[in-house]
> 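The structure follows.
Given the structure is predicted, the values throughout are model-derived calculations rather than measurements. Order of the sequence lines sets the chain letters (A, B, ...), proteins ahead of strands, with each chain counted from 1.
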Protein chains: 2
Amino acid sequence: MKGKTTRGHIVESADRLFYQCGYEHTSFADIADSVQISKGNFYYHFKSKDEILDAVIQARLENTRNMLMRWEVEGERPEDRIKSFIQMLIANQADIKMYGCPVGTLCTELAKLNHASQAEAIELFTLFRTWLSRQFALLGRDADADELAMHLLARSQGVATLAQAFRDESFIKHEVRQMCDWLSSQLAQTNQEGSQ
Amino acid sequence: MKGKTTRGHIVESADRLFYQCGYEHTSFADIADSVQISKGNFYYHFKSKDEILDAVIQARLENTRNMLMRWEVEGERPEDRIKSFIQMLIANQADIKMYGCPVGTLCTELAKLNHASQAEAIELFTLFRTWLSRQFALLGRDADADELAMHLLARSQGVATLAQAFRDESFIKHEVRQMCDWLSSQLAQTNQEGSQ
DNA sequence: GTCTATATTTGGATAGAC
DNA sequence: GTCTATCCAAATATAGAC
């Protein structure tokens, strides 16, 4: 969709390069090469590198919102939807093994740069956080829904960081199983409390 | 100790700046300013920026080895020593909130740069991994000692990443309590199996 | 809208005086 | 061992032709 216009191509390539090589390490020349346009043409579409970053983050936000809506529709019960989140680690394991989590690594980098778009990047985390929190609330865990959401987010971040450091996909699979077990135990706990 | 010589000062300042601002984003000028020497003097002590990074990683490796040996001496039982690891998140919570985990963020950055010193940085993770694994083995969990070690490492990485993104120290405290609970449940499981 | 050419700045690195 | 001066390459950004 986005890829049809030159601007769309730029955002698409920048998105991938920022993920694979980092924001600061990716130069205009890299993006220009990738999109097959001249460096000069660039500035017709964006005033600065920061503007490209903004566009990339906005695109990621939109993609994430769409994905969460899809999960919401496709998953019958809240626990099925939470499983969609956990399974994302499996679906993207090849990329995660090579480049880590696109959200976590971007937030980490922007924090060190003290970059103006930090807040926007963190909003990516917030999308998952509030969505997961809502699913847990639907399961009757209103009281600690946000804590459960943050716990699950943290688990997936840790898995991504170590899977990348040790270049280990089997670790992802192993931890995903444990996260599913954890979810089941939380459901059991919920049902137990609900029946009291 | 290291801080007495100019070389030591450079490594010390570079270590802090690499942690707070990232390796690539930290320039020679930044380090020179911090150490209060001229940029030229620099090259008497190191041939390149990469060499400084190597020195920083070696210093961190040594500091980590010393810390692990200290924990080994100070902690009576293996579970006490593992608690030392978990408590590290509390001891360093102010820094973690601002800059994340020094090991995780360095490994993540070097991976994106595809930097030659990646392997050395990952060795920092390996130190914790093998040390934790040994503690779990001492608890009689030889079979899954490494998995337990990786699980704990991942948990702490995830906590650091999210605590930094959301600038939230209370999240660290909350998750540390849960990690201690998890450790207790693992000990219970171990004792149960041991008595069968 | 896209190109080439170029200005400007920064950062890593060297030379040589002291 | 430390300094100043300088070189060189890379990266962001601009100007202006087509």
> Any ion pair linking B:K112 and B:E24 (charged N to carboxylate O, less than 4.0 Å)?
no

> Salt bridge between B:K83 and B:D80, side-chain N to carboxylate O under 4.0 Å?
no

> From CZ of B:F42 over to P of C:dT14, roughly how many Å is that when rounded to an integer?
14 Å

> Considering all heavy atoms of both residues, which atom of B:Y23 and which atom of B:L113 are nearest to each other, and what is their separation?
CD2-CD1, 4.0 Å

> Parallel, tilted or perpendicular, judged at 30° and 60°: which one describes the rings of B:W71 and B:F85?
perpendicular

> Name all residues meeting the salt bridge (charged side-chain N to carboxylate O under 4.0 Å, His left out) criterion together with B:K47; count only those two or more places apart in sequence or in a different chain, and write none if there are none.
B:E51

> What would the secondary structure line of DNA chain D be in dot-bracket form, counting Watson-Crick and G-U wobble pairs under 3.5 Å, with [ ] for pairs that cross earlier ones and | for pairs with another strand?
||||||||||||||||||

> In the 5'-to-3' direction, what one-character label does each nucleotide of nucleotides 11-18 of chain D receive under the scheme B = base within less than 4.0 Å of a protein heavy atom, S = sugar-phosphate only, - = no such atom?
SBBB----

> Let me know which of A:E79, A:R77, A:R81 forms a side-chain hydrogen bond (donor to acceptor under 3.5 Å, both in side chains) with A:Q135.
A:R81

> In whole angstroms, how far is the P atom of D:dG1 from the NE2 atom of B:H9?
15 Å

> Taking the six-membered ring for Trp, are B:W182 and B:F136 parallel (under 30°), tilted (30 to 60°) or perpendicular (over 60°)?
perpendicular

> Could you tell me how far apart B:I31 (CD1) and C:dG11 (C1') are, to the nearest whole angstrom?
11 Å

> Consider only side-chain N and O atoms of B:H174 and B:Q178, and report whether a donor and an acceptor are under 3.5 Å apart.
yes

> Just how far, in rounded Å, is C1' of C:dC3 from OH of A:Y44?
14 Å

